[in-house]
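Heads up, the thing below is written out as structure tokens.
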Amino acid sequence: MFSNKDSFKKSFLKRLESMCGKGFEESTRRDQYFTLGNMVREYISSKWIDTNELYRAENKKQVYYLSIEFLLGRLLCQNLLNLGIKEVVEEGLAELNIQLNEIEECESDPALGNGGLGRLAACFLDSLATLNLPGHGYGLRYKHGLFDQKIVDGYQVELPEQWLRHGNVWEVRKPDQAVEVSFWGRIESSYEGNSLIFKHVGEQKVLAVPYDMPVVGYQVDTVNTLRLWNAEPASFGPNQDVLSYKRDTEAITDFLYPDDTHDEGKILRLKQQYFLVSSSLQSIIQSFKKENSNIRELHHYVAIHINDTHPALAIPELMRILVDIEGLTWNEAWHVTTNTVSYTNHTILAEALEKWPIYLFKPLLPRIYMIIEEINERFCAELWDRYPGEWQRIEHMAIIAHGLVKMAHLAIVGSNSINGVAKIHSDILKNREMKSFYDVYPEKFNNKTNGITHRRWLLKANPELTNLIKETIGEDWVKQPEKLIDLKRHVYHPSVKEQFAQVKRKRKEILAKKIAEKNGILVDIDSIFDVQVKRLHAYKRQLLNVLHIMYLYNRIKEDPNYVIQPRTFIFGAKASPTYYYAKKVIKLIHSLADKVNNDPRVSQVIKVVFMENYRVSLAEDIFPAADVSEQISTASKEASGTGNMKFMMNGALTVGTLDGANIEIMEEIGKDNIFTFGLTAQEVLKYEENGRYRSMEYYHHDLRIRQVINQLTNGFFSEDEGEFESIADSLLVQNDQYFVLRDFASYIDIQEKVGIAYQNREKWLEQALINVSHSGFFSSDRTISQYADGIWNIEPLGVKM
Ligand SMILES: *Cc1c(COP(=O)(O)O)cnc(C)c1O
């Protein structure tokens, strides 16, 4: 069906008729998308079956990656690319006068995640399959993924996302593998012989139905599985309010929580977490039991990884299964559980650490609560032995304290590995945030610097750059991304530089066209494309970027002799619907854009563009077109960042703080090829300890700061003067928690250097190419190999070609 373009064309036309009941002439783009999608899914299915068969036959250790989010992005073109049939399909379609891109536009972007954490999970799946590692994702099949963002009069409005409206060609519903998950009710205990037996009675049962999606490795035969659970009514009893039961159960997988870091104190969220964990563990143990009889050896065959603390209930749930159902003693079960589970920490922001009030937790999950109490008591007893009399330390480390269940503490105590996501982040965990746990379990803590899949963020998103690299250094790097370093020998070749300049220009033209279509703004291709795209958050400091643009505006207005390298400032960001400050910053960006873009003189040299509805598919258009990557979080607050790596891989230069993976990017490319500024993490943490920062001093002593802050409230934006008062207050009244004003001067200086550097075209191109050549380290293939060797202890399985 895909062996050559003619046979593809023939099958495609035939299939189109049988599936859509129409001839080619009457078919719509969507008909064509569904036809092609189904053909590809079918093509995948034999490899998928073979992979599962191989895993069963070999019976080697497998990893299950549990994540409340998977931010997949569109799958059609990625699957075609990974299967090695993209060209055949493109050529066949071309003869029918169809562009593959147009068909791709019909695929909804599965947005089952908020941002970095969910995108990491998606990159990891791609790397696991490509490295032939037996590893699968487990997540939730939200009916509505992350909201669609519309901008109305400069304000964010959220619309429900509807990725399933036209069906999902990639998924396979497996009702025969459904399992039941229990909520509410009470626990009855009784003796059977000498052992105490616990029985859950009066519970509400929810059916978890798996929908499996294939995860296709790049030009290998491995096809792993992403299993997404759908919540449905289990069975209807005679005395039941049928409608409310149906509503309650289905609600569990209705919506993704659109909150990026805050702990959403909602019982529904807790239900989602337990639903994910309980259904996944039941399914994992069922498949283990098909090949193995001794559950005491589970950890030799199964690794369970929890992506942040959202799936941390995997620990008590596995204990429940092992003790209550499999009949292991507590100590046996604890040995198996702790040797099975590993945990990644994603943040040190205190407000993002999950804590559940007991009064919500205990009634919803009575047996799980009992088990956590037992884990906590045993843990505290151990601490008492180690630190006799230090009750304050023990209270501070306890899993349950002050009416709260602390999920991070549970995750640390119940797992064999705790990793941070960049060196600096892992060090802060060990030496500060989690020091008391590091003292007890030093061997558990480690670092795994995040990565991104170059197959999506370079091969798929930027075919122009991909071709240039292939022409320059051959194709080895495609399978071994660390070999991108071979490009370094060529960065001074005039023709390579020139071709890179042309690639960048072409990608800027493509993005400029989209901006013209969507925003009605004409941007200058020769201007610097200066981009900040990521979730909107105070710690990510979009506000610092905005204040800099306000400063430039003032400078241009006041000084007729001021010359500046033209720049287009591009933003993309969703704000959590309940995050007042973040939504105000979005409005501020729009007010500023109006002011700048409508000023006859200022708009000659700078423009401000906010691109609506930032998501994976839009990101794929943005990264290849960027000249400058804004990574300006308050040092110590961004655990790693992965957007920074996507920019680097596409030849943008970073303006960044010494935070997260920016530091490792600098270590790779050298200090001269990155623009760093601002406080270091140490300086920030010191200020936070001694409380000596006074933002007001910076307001008083720096005229530029005073001017831009005054403009927030003096009617400069010619509307409601109170509109941005809360932003001004965050900087002055609330003493600027994220040190925006402290880093302002240093940011302005570095941005001036960026403008000057861009004028040395040859050097800029060299630096951009140096960035690309060192980006191989940030491939998620490297990250996943490190997880496989250092945490999971799994090996590739030889899938026969
Ligand atoms: C990579 C990515 C992110 C994460 O970006 P950061 O800059 O690391 O916060 C968020 N959203 C999307 C759509 C992404 O592709």
Side-chain angles (χ1 to χ4, degrees), residues 67 69-75 78 108-126 145-149 161 163 256 258-261 307-308 346-347 349 352 421-422 424-425 449-458 460-462 530-542 544-545 570-576 582 611-626 628-634 637-650 652 654-657 659-665 775 778-780 783:
S67 180
E69 301 187 8
F70 286 91
L71 189 47
L72 298 170
R74 288 173 175 155
L75 297 168
Q78 191 71 56
S108 43
D109 188 332
L112 311 184
N114 275 292
L117 174 145
R119 185 54 232 174
L120 184 76
C123 285
F124 280 4
L125 293 181
D126 185 70
L146 184 60
F147 65 85
D148 280 327
Q149 179 191 56
E161 187 275 348
W163 73 296
L256 166 77
D259 202 302
D260 208 18
T261 60
N307 193 22
D308 213 319
H346 283 269
T347 180
L349 294 184
V421 288
I424 184 179
H425 169 59
T449 298
N450 279 169
I452 55 167
T453 170
H454 63 291
R455 289 169 288 278
R456 183 173 289 268
W457 299 110
L458 183 51
K460 175 179 187 301
N462 199 344
D530 178 320
V531 186
Q532 188 171 21
V533 287
K534 47 182 75 248
R535 283 303 287 260
L536 215 145
H537 229 287
Y539 83 84
K540 292 178 183 278
R541 297 201 297 191
Q542 280 92 352
L544 179 57
N545 191 344
I570 298 169
F571 292 88
K574 287 179 182 175
S576 177
M611 299 197 75
E612 194 176 74
N613 207 23
Y614 180 58
R615 62 199 186 285
V616 172
S617 53
L618 182 58
E620 289 171 21
D621 289 329
I622 292 176
F623 290 111
V628 170
S629 158
E630 297 279 350
Q631 307 301 333
I632 59 178
S633 54
T634 309
K637 303 301 177 218
E638 185 75 271
S640 164
T642 49
N644 45 6
M645 304 166 186
K646 302 169 198 165
F647 280 108
M648 174 198 194
M649 193 171 271
N650 283 280
T654 303
V655 172
T657 45
D659 200 16
N662 298 351
I663 296 174
E664 288 161 76
I665 290 177
S775 65
F778 298 100
S779 164
S780 47
T783 314

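First listed ligand is number 1; within each ligand, the first listed atom is number 1. This is a predicted model, so every value here is computed, not measured.
Ranking protein heavy atoms by distance to atom 11 (N) of ligand 1, first place goes to Tyr614 CE2, 3.6 Å. Closest to atom 3 (C) of ligand 1, if we only count protein heavy atoms, is Lys646 NZ, 3.7 Å. Looking only at protein heavy atoms, the nearest one to atom 5 (O) of ligand 1 is Gly643 N, 3.8 Å. Closest protein heavy atom to atom 9 (O) of ligand 1: Lys540 NZ, 2.8 Å. Looking from atom 8 (O) of ligand 1 to the surrounding protein, the closest heavy atom is Thr642 N, 2.8 Å. When only non-hydrogen protein atoms are considered, atom 10 (C) of ligand 1 lies nearest to Gly115 CA, 3.6 Å.
Remark: ligand 1 and Gly641 share no N or O pair separated by less than 3.5 Å (distance only, no angle test). For Lys534, a nitrogen or oxygen atom sits less than 3.5 Å from a nitrogen or oxygen atom of ligand 1, counting backbone and side chain alike. Considering backbone and side-chain N/O atoms, Arg119 never comes within less than 3.5 Å of an N/O atom of ligand 1.
Side-chain contact between Leu146 and Glu161 is absent, with no heavy atoms from C-beta onward closer than 4.5 Å. Looking at Asn545 and Phe571, their side chains come closer than 4.5 Å, going by heavy atoms from C-beta outward.
Using a 4.0 Å cut-off between a side-chain N of Lys or Arg and a carboxylate O of Asp or Glu, Asp126 and Arg455 qualify as a salt bridge.
Assignment of Trp457 to the shell around ligand 1 is supported, since a heavy atom sits closer than 4.0 Å. Ligand 1 lies nowhere less than 4.0 angstrom from a heavy atom belonging to Arg535.
Nearest approach of Ser780 to Cys123, heavy atoms of both residues: OG-O, 3.7 Å. Closest of all the heavy-atom pairs between His454 and Ser779 is ND1-OG, 3.5 Å.
Interface of Gly116 with ligand 1, defined as ligand atoms under 4.0 Å from a residue heavy atom, comprises 3 (C), 4 (C), 10 (C).
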Test Asn650 against Leu458 for side chain to side chain contact (heavy atoms under 4.5 Å, CB included), laying out the working first.
CA-CA 7 Å; Asn650 283 280; Leu458 183 51; 4.2 Å; yes

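A donor atom on one side chain and an acceptor atom on the other are found under 3.5 Å apart for Tyr539 and Glu638. For Gln631 and Lys534, the side-chain atoms include at least one donor-acceptor pair closer than 3.5 Å.
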